[in-house]
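Just so we're on the same page: letters track the sequence lines, and every chain starts at 1.
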2 protein chains.
Amino acid sequence: MQVHQVSGTAHRPGTTPRTAREGSDPSKATIVDVARAAGVSTATVSRVLNDHPKVGSQLKARVLQAIKELGYRPSRVARSLRTRRNRVWALIISDIRTGPFFADLVRGVEDVAHGAGYSLFLCNTDEDPAKERAYMELALAENVGGLVLTPSSERTDLSPLINARTPFVLADRSLPTAHADTVIVDNVAGAYQAVSHLLAGGFQRIACITGPLQTTTGERRYAGYGKALVEAGHEVDESLVRVADFREAGGLQAMRQLLSGSDPPDALFVTNHLMAIGALQAIDEAGLAIPSDIAVVSFDDPPWSTLLRPPLSAVAQPAYDVGVESARLLLSRLEGYSGVARTVTLSPTLVVRGSSVPVPRATLGRR
Amino acid sequence: MQVHQVSGTAHRPGTTPRTAREGSDPSKATIVDVARAAGVSTATVSRVLNDHPKVGSQLKARVLQAIKELGYRPSRVARSLRTRRNRVWALIISDIRTGPFFADLVRGVEDVAHGAGYSLFLCNTDEDPAKERAYMELALAENVGGLVLTPSSERTDLSPLINARTPFVLADRSLPTAHADTVIVDNVAGAYQAVSHLLAGGFQRIACITGPLQTTTGERRYAGYGKALVEAGHEVDESLVRVADFREAGGLQAMRQLLSGSDPPDALFVTNHLMAIGALQAIDEAGLAIPSDIAVVSFDDPPWSTLLRPPLSAVAQPAYDVGVESARLLLSRLEGYSGVARTVTLSPTLVVRGSSVPVPRATLGRR
DNA sequence: CCCTCCGAAGAAAACGATTTATAGAACTTC
DNA sequence: GAAGTTCTATAAATCGTTTTCTTCGGAGGG
């Protein structure tokens with residue numbers, strides 16, 4: 001679809017330049033207009049804009065005056081073209097819907113970026129590799145200074161970024177292939193804590209609903225689940241494990257399956273909060289009580305977890321800090337660091353609430 | 001803080017041009033490199049890129065070949081500078097944290113934008129007028145094709161956008177001052193439905209926790225609350241109304257205050273889901289039962305509302321459609337529509353669940 | 001008094017694309 | 001075969017900045 005150009009400024013190469021127009025149309029003033037109004041050259045205006053030292057104070061005043069009068073706003077497009085640099089970052093995230101986690105992450109990146117004089121463009125990929133690729137290309141074509149991204153899958157191709165020598169940082173998810181600066185949460189440790197806690201509570205048949213195993217988060221959290229079981233002398237019972245899609249519908253379906261078996265689980269570890277919603281729904285459908293019939297621990301600690309009865313135990317992630325650390329790594333690259341790739345690992349913390357503490361015998365009897 | 005430039009490409013004006021380097025550094029190839037490789041002029045390459053009709057098929061093939069070989073990616077910066085147009089929109093939202101509402105809105109805008117060949121940059125203002133202003137300026141300086149924004153307050157100044165003649169649409173919140181294309185949810189109707197429903201249930205002292213009255217949403221939802229009361233022959237009791245900040249903490253505090261009075265409310269209408277979380281927390285602290293002691297209806301219908309006991313009644317907003325309609329309005333401007341400002345109003349729907357249905361006498365007696 | 005040096009301001013060349021005017025080549029048509 | 005007519009492809013101008021390099025005027029030194 002082609003946009004029809006309203007060609008108010010079109011003119012033949014040989015005719016009078018468009019800067020002939022005066023006064024009106026304030027925001028479209030260019031550096032040439034400013035230079036003319038101040039009676040100086042564009043070079044001088046440019047120097048004032050970037051406050052270079054060697055510019056006379058009275059000239060500077062005149063230029064500033066002209067800038068104000070014309071409402072002049074330098075074109076970042078032209079600047080970016082000339083300097084081959086742009087004080088903007090792109091932050092490519094896989095799904096803004098994924099609750100407070102990405103929101104806090106964004107906030108963390110933004111705070112650091114702003115502090116360092118960068119602005120942030122967000123791009124939402126919906127976990128779609130094609131959109132992810134498109135946004136990477138867009139960011140490069142727009143000449144961003146750097147980018148932070150949460151790769152949608154293990155097969156995400158970073159080569160465009162590498163070829164373009166544009167610095168980037170992976171946040172929340174690592175890629176085994178390319179060694180790049182990465183910030184992750186210690187998913188294994190988080191899952192390990194959660195499952196160990198359930199084991200300590202005496203639960204025997206602990207189920208796990210995890211996300212796609214191609215994602216770091218899905219795979220690592222499952223790994224932590226397995227590690228806790230094995231260390232405690234149990235073995236992983238595949239019939240208690242379901243791989244879903246990190247969404248509500250997936251959690252619902254997985255839990256229904258788990259509960260329909262002949263020997264259903266007495267506890268559940270679910271690796272994100274959306275799937276937790278679905279799973280809790282399924283538990284409710286089945287008329288089971290938490291934690292007496294089945295205990296539950298979730299990954300992600302959404303604000304509503306305390307509203308449930310019983311309140312939901314969960315592994316809280318330092319999302320804001322993931323953002324902050326990602327931004328810091330990116331910043332260090334932009335400031336010239338060109339050494340080996342670094343990985344920052346942050347620890348999640350288990351928050352124990354009612355959904356996972358075993359019910360005392362006396363109460364249990366009442367059931 | 002100044003980034004040190006690694007000046008690999010710097011050269012004196014008189015010396016050999018940088019395009020002398022061959023082969024390596026694939027992604028930094030320019031249109032000149034492609035032209036050279038294909039043995040044509042840059043004009044021809046440009047025509048191939050924008051598939052203009054008048055270009056010989058074999059030349060076209062040679063050019064495409066060269067593009068592929070060099071891994072050439074046209075610079076959107078240069079293109080945007082030259083054409084004074086950019087197929088990118090900015091979507092400035094006030095707070096990504098505000099649950100699924102903005103997330104769905106973003107998705108709606110994005111779907112339409114992509115369909116029309118536009119990409120989307122998101123900007124998050126945290127309801128901060130300064131950040132909002134800065135992002136508006138950034139979007140203009142980056143020469144975006146258009147923007148969708150959710151103004152942070154009534155005093156948001158749109159004049160930069162108007163002066164720059166960059167088309168824009170207001171989403172979710174309208175501004176009384178400037179008449180601009182706007183898409184809003186019928187907040188009055190939503191609140192009216194919710195409160196009428198409570199009145200029909202026989203509740204007498206219906207409290208309201210709303211957001212800042214400078215925001216359309218805060219003010220209109222409060223207006224709907226008042227309208228329902230007045231139409232039913234009641235009058236608005238100011239002591240039952242609290243203005244908070246649309247966040248959890250605000251809801252918590254407001255509800256604590258409401259419950260501490262001598263004659264507490266028997267029902268609550270709360271105008272967004274974050275404040276609902278806080279309010280529910282306060283109700284729980286006070287040891288009150290829902291709905292027998294106090295009934296609750298919330299604006300926004302988050303996915304977890306069915307998990308509560310009793311499940312939470314709520315006014316569901318067509319967030320995705322707000323996004324879609326906003327994008328459509330913007331698109332029509334970009335396609336040349338230059339008529340009067342339009343306002344699209346979408347209706348929310350009340351979802352009645354257990355938190356607001358009066359308890360039968362028999363059960364009530366048991367309390 | 002002349003030469004050198006220094007600093008501030010300007011002229012002009014980039015950056016990488018699009019687009020207009022123009023130059024050729026190929027084809028009619030007489 | 002020459003003139004007129006299409007077509008294609010190229011040259012060159014242009015978008016709005018930054019950044020050299022150059023220039024110009026004045027200050028300082030011998």
Side-chain angles (χ1 to χ4, degrees), chain A residues 5 7 9-19 27-36 38-60 62-63 67 70 72-87 140-143, chain B residues 5 7 9-19 27-36 38-60 62-63 67 70 72-87 140-143:
Chain A
Q5 181 183 15
S7 55
T9 61
H11 74 283
R12 307 286 164 69
T15 63
T16 44
R18 57 170 278 279
T19 43
S27 296
K28 295 289 192 182
T30 77
I31 201 173
V32 178
D33 302 318
V34 174
R36 184 164 312 169
V40 299
S41 75
T42 62
T44 302
V45 177
S46 175
R47 288 199 256 268
V48 170
L49 287 174
N50 306 316
D51 45 43
H52 274 247
K54 336 191 125 182
V55 56
S57 58
Q58 58 178 10
L59 262 199
K60 183 167 179 175
R62 253 173 39 216
V63 169
I67 287 177
L70 294 175
Y72 166 70
R73 176 193 356 268
S75 159
R76 292 180 83 112
V77 175
R79 177 176 290 173
S80 165
L81 175 60
R82 176 59 228 240
T83 63
R84 312 183 55 69
R85 217 174 313 137
N86 200 351
R87 296 189 76 79
L140 290 179
E142 290 281 356
N143 196 24
Chain B
Q5 181 184 15
S7 55
T9 62
H11 74 284
R12 307 286 164 71
T15 63
T16 43
R18 57 173 275 281
T19 42
S27 296
K28 295 288 192 183
T30 78
I31 199 172
V32 177
D33 301 318
V34 175
R36 184 165 312 169
V40 300
S41 76
T42 62
T44 302
V45 178
S46 176
R47 294 215 178 86
V48 171
L49 288 174
N50 306 316
D51 45 42
H52 275 248
K54 331 193 129 183
V55 57
S57 58
Q58 58 178 9
L59 264 199
K60 183 166 176 174
R62 259 184 21 226
V63 170
I67 287 177
L70 294 175
Y72 167 70
R73 176 193 355 269
S75 159
R76 291 181 85 112
V77 175
R79 177 177 289 174
S80 166
L81 176 62
R82 175 62 229 240
T83 63
R84 313 183 55 69
R85 219 173 313 137
N86 200 351
R87 296 189 76 78
L140 290 179
E142 290 281 358
N143 196 25

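Look at NZ on Lys60(A): it is 15 Å from C1' on dA9(C), rounded to the nearest Å. Look at CG on Leu59(A): it is 15 Å from C1' on dC24(D), rounded to the nearest Å. If you measure from atom CD of Glu142(B) to atom P of dT17(D), you get 13 Å, rounded to the nearest angstrom. Note: CZ (Arg36(B)) to C1' (dG16(C)) measures 14 Å, nearest angstrom. Following rounding to the nearest Å, Asn143(A) (CG) and dA17(C) (C1') show an atom-to-atom distance of 13 Å. Summarising the geometry, the separation between CG on Asp33(A) and C1' on dG16(D) is reported as 10 Å, rounded to the nearest angstrom. The distance between atom CG of Asn86(B) and atom P of dC15(D), rounded to the nearest whole Å, is 18 Å.
The side chain of Ala78(B) lies closest to dG16(C) when the candidates are dT17(D), dG16(C), dA9(D). Of all nucleotides listed (dA11(D), dG16(C), dT18(D)), dA11(D) comes nearest to the side chain of Ser41(B). Side-chain proximity of Ala43(B) to the nucleotides dA9(C), dT10(D), dT18(D) is greatest for dT10(D). You'll find that the side chain of Thr44(B) is closest to dA9(D), out of dC15(C), dA9(D), dT18(D). The side chain of Ile31(A) sits closest to dT18(D) out of dA12(D), dA9(C), dT18(D). Closest contact between the side chain of Thr30(A) and the listed nucleotides dA9(C), dA11(C), dT17(D) involves dT17(D). When distances run from any side-chain atom of Arg79(A) to the nucleotides dC15(D), dT10(D), dT17(D), the shortest one goes to dT17(D).
Across Thr44(B), Val45(B), Val40(B), Val63(B), a single residue satisfies side-chain contact (heavy atoms from CB on, under 4.5 Å) together with Val55(B), and that is Thr44(B).
Each of Pro74(B) and Arg47(A) was assigned the nucleotide of DNA chain C with the nearest heavy atom; the assignment lying further toward the 5' end belongs to Arg47(A).
Between atom NZ of residue Lys28(B) and atom CG of residue Leu70(B) there is a gap of 15.0 Å, rounded to the nearest 0.5 Å. Atom CZ of Arg76(A) sits about 10.0 Å away from atom OG1 of Thr83(A), to the nearest 0.5 Å. One distance of note links CG of Leu59(A) with CZ of Arg47(A); it measures 10.5 Å at 0.5 Å rounding. Ser75(B) contributes atom OG, which lies 14.0 Å from atom CZ of Arg82(B) (distance to the nearest 0.5 angstrom).
No N or O donor and acceptor, one from the side chain of Arg82(A) and one from the base of dT17(D), sit under 3.5 Å apart.
OP1 and OP2 of dA17(C) both lie 4.0 Å or more from every side-chain N or O belonging to Ser80(B). Residue Arg84(A) places at least one side-chain N or O under 4.0 Å from the OP1 or OP2 atom of dG16(C).
Here the shortest heavy-atom pairing between Pro74(B) and Ala141(A) reads O-CB, 3.8 Å. Taking both residues in full, the closest heavy atoms of Ile31(B) and Tyr72(B) are given as N-CE1, 3.5 Å, listed atom of the first, atom of the second, then distance. Of all non-hydrogen atoms in Asn143(A) and Arg84(A), the two that sit nearest each other are ND2-C, 3.7 Å.
If you check every strand for non-hydrogen atoms under 4.0 Å, Val40(A) touches sugar and phosphate atoms only. Looking at heavy-atom distances under 4.0 Å, Ser46(A) makes contact with a base.
Residues of residues 48-55 of chain A that place a heavy atom closer than 4.0 Å to DNA chain C, in numerical order, are Lys54(A), Val55(A).
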